[in-house]
Amino acid sequence: MDVTDIKSQNIKRILNVLRTSGGTTKNEISAITGLSFSTVSNLCNELKCNNVLVEEKISNSTVGRIPHIQIFNCARFASVCIDFQEEGILNYSISNFAGESLYRTYFDISKIQDISTLIKLVDTNCYSILQQFADIQIVGAGISVPGIYDEATQLVINSAIPVLNNVPLKELLTQALRLPCYVENESNLCALSIQKEYPEVNNIVYLHSSTGLGVGIICEGVLLRGKNGYAAEVAHIPLGTPGTVCSYCGKKGCIENDLAQRGMEILRSSALSGTERINLIQDRAEKLGILLSLLTNLFDPDILCIGGIGFDSYTELEPTVLQILEQRSPLNTKEGLKLIHDTDSLRAIEQGITQVIYNNWDPLKDVFQL
């Protein structure tokens, strides 16, 4: 590790302290981070020169040496969220490092069949949107996909949205937007968001249902990826309806067929009779309960979270799901397993993207101007 890397790590240690506080003195930062006072003071001074930090007096007293607090100017820095989780819909949003959602909109992309047209649309709309935020520094853009970003090939693979498959999405959008861009699976982003909300928790499972079905895992405080980034892929586990052929892999019984958005939205169909709907609710609840118990037994999480538009009707499934969890994961439920239904997964994705961009941000170098 060279001196530049050490300096960057120390800066983030300081900012991490200030990000969760209303303001802290240099002495307190030194005590919390374990960095020397001179290191803290020098880095804080550099950050103030870049308008990352501001300094304020603690009191109006003029007697003796007046202490100052360092404040992270979180609201001045923001990220762009480009979300493809829902088939035919492109979601845009802007969130700042204070965790505030500044802007949301969406576009219909259901008629787009090729990646070049899609990239052009993203670029045009993003530029128009960012002009409304000229007083904010945009640090980067995060792209949420219902698929895997293979870091070795830098391609999106196994995506539930065909136009994104085998596409170097990060490279294309970095060139188009002239911003640092990061591509990540939507369920991983949701897991990162829950981790930020519960910083004391080290083990989290987030099951996300939209165009596809995905799982994000925080294991001992770290996002679980596996050798190739394929870890915790559950879409094609054969827990689904045995005779149903998967449109992606061509095999039968993939759980994604039943628990992704298309398999869940049938619960709202007006064509179902009362009895049919009751039976279908029971079927989906049992499949969801079994999958959640499997994930619980494998990863032993503190928090088990489900979200995404596919689970909008979760409250109807919950009694059966909880019963199955108690039956199949009794040790976990007795030890206080926390089950959360996230009703705004887009917000979770936004926060996950903001966290990814913040983690990769160099506040002394990375500045974007339109």
Side-chain angles (χ1 to χ4, degrees), residues 1-80 94-100 102 133-142 178-182 184 192-202 218-223 351-369:
M1 184 181 296
D2 62 25
V3 174
T4 302
D5 290 332
I6 294 173
K7 181 177 181 179
S8 296
Q9 287 191 3
N10 289 342
I11 286 173
K12 280 298 172 64
R13 290 166 70 182
I14 292 170
L15 292 181
N16 288 342
V17 171
L18 296 175
R19 195 179 180 195
T20 56
S21 70
T24 308
T25 67
K26 291 178 180 179
N27 277 323
E28 290 169 334
I29 295 171
S30 176
I32 294 170
T33 62
L35 299 172
S36 68
F37 177 82
S38 62
T39 296
V40 170
S41 182
N42 290 335
L43 292 178
C44 283
N45 289 339
E46 284 192 62
L47 291 168
K48 279 186 287 186
C49 289
N50 278 43
N51 297 315
V52 177
L53 299 186
V54 294
E55 188 174 75
E56 292 184 2
K57 295 179 181 179
I58 290 180
S59 71
N60 294 322
S61 171
T62 57
V63 179
R65 186 178 181 86
I66 302 172
H68 291 74
I69 57 173
Q70 310 299 308
I71 299 173
F72 181 13
N73 198 1
C74 302
R76 185 171 177 266
F77 303 93
S79 60
V80 181
I94 310 289
S95 296
N96 64 25
F97 285 175
E100 299 166 331
L102 306 178
F133 297 91
D135 57 335
I136 292 176
Q137 290 191 5
I138 304 297
V139 173
R178 301 164 299 282
L179 273 171
C181 290
Y182 306 92
E184 185 58 273
L192 289 171
S193 175
I194 298 298
Q195 182 185 38
K196 185 175 183 299
E197 186 176 348
Y198 296 90
E200 74 285 358
V201 170
N202 289 321
I218 303 295
C219 184
E220 294 303 309
V222 179
L223 184 65
Q351 292 301 301
I353 281 176
T354 299
Q355 190 62 29
V356 168
I357 292 173
Y358 170 79
N359 290 342
N360 286 279
W361 174 50
D362 184 339
L364 297 183
K365 295 180 181 179
D366 297 337
V367 176
F368 169 71
Q369 300 290 347

query = Once you round to the nearest 0.5 Å, how far does CD1 of Ile218 lie from CD1 of Ile194?
reply = 10.0 Å

All side chain to side chain donor-acceptor pair (under 3.5 Å) counterparts of Thr25, not counting sequence neighbours = Glu28

request  = Kindly compute the distance separating CG (Asn360) from OG (Ser79), expressed to the nearest 0.5 Å.
outcome  = 11.5 Å

remark   = To the nearest 0.5 Å, atom CD of Gln70 lies from atom CD1 of Ile14 at 9.0 Å

Pairs meeting criterion salt bridge (charged side-chain N to carboxylate O under 4.0 Å, His left out) with involvement of residues 38-49, two or more places apart = Lys7-Glu46, Lys48-Glu55

task = Please lay out, stage by stage, how Asn16 and Thr20 fare under the test side-chain contact (heavy atoms from CB on, under 4.5 Å).
result = CA-CA 7 Å; Asn16 288 342; Thr20 56; over 6 Å; no

note = For Cys74 and Arg19, the nearest pair of non-hydrogen atoms, with its separation, is SG-CG, 4.2 Å

task = Evaluate the ring planes of Phe77 and Phe72, with Trp represented by its six-membered ring, and classify them as parallel (under 30°), tilted (30 to 60°) or perpendicular (over 60°).
result = tilted

query = Does one side chain, of Gln355 or Asn359, offer a donor that lies under 3.5 Å from an acceptor on the other?
reply = yes

Asn96 side chain vs Ala98 backbone, donor-acceptor pair below 3.5 Å = yes

note = Ser95 and Thr354 have their tightest heavy-atom pair at CB-OG1, 3.5 Å

inquiry  = Taking side chain to side chain donor-acceptor pair (under 3.5 Å) as the definition, give me every residue that meets it alongside Asn73, ordered by chain and number, with sequence neighbours left out.
reply    = none

note = Taken to the nearest 0.5 Å, the spacing of Leu15 CG from Arg13 CZ works out to 12.5 Å

query = How far apart are the closest heavy atoms of Ser193 and Gly352, and which atoms are they?
reply = CB-N, 4.0 Å

ask   = Would you say the side chain of Val52 lies within less than 4.5 Å of the side chain of Trp361, judging by non-hydrogen atoms?
value = yes

key: Min side-chain heavy-atom separation Tyr182-Ile353 under 4.5 Å   = no

query = Sequence neighbours excluded, which residues qualify as side chain to side chain donor-acceptor pair (under 3.5 Å) partners of Lys12?
reply = none

query = In chain order, what residues pass the side chain to side chain donor-acceptor pair (under 3.5 Å) check against Arg76, with sequence neighbours excluded?
reply = none

message = Using every non-hydrogen atom in the two residues, find where Ala78 and Ile136 come nearest and quote the distance to one decimal.
response = CB-CG2, 3.6 Å

query = Could you state the interatomic distance from CD1 (Ile138) to CZ (Arg178), rounded to the nearest 0.5 Å?
reply = 13.0 Å

query = Is the side chain of Ser41 donor-acceptor paired with the backbone N or O of Phe37 at a distance under 3.5 Å, no angle test?
reply = no

message = So, taking the atom named OG1 in Thr39 and the one named CD1 in Ile11, what distance separates them when rounded to the nearest 0.5 Å?
response = 11.0 Å

query = Do Pro363 and Asn50 touch side chain to side chain, with heavy atoms closer than 4.5 Å?
reply = no

inquiry  = Restricting to non-hydrogen atoms, name the atom on Ile71 and the atom on Gly23 that form the minimum distance, rounded to 0.1 Å.
reply    = CG1-CA, 4.0 Å

remark   = In terms of heavy-atom contacts, Ala141 and Leu179 come closest through CB-CD1, 4.2 Å

key: Any residue meeting side chain to side chain contact (heavy atoms under 4.5 Å, CB included) with Ile32, in chain and number order, not counting sequence neighbours   = Val17

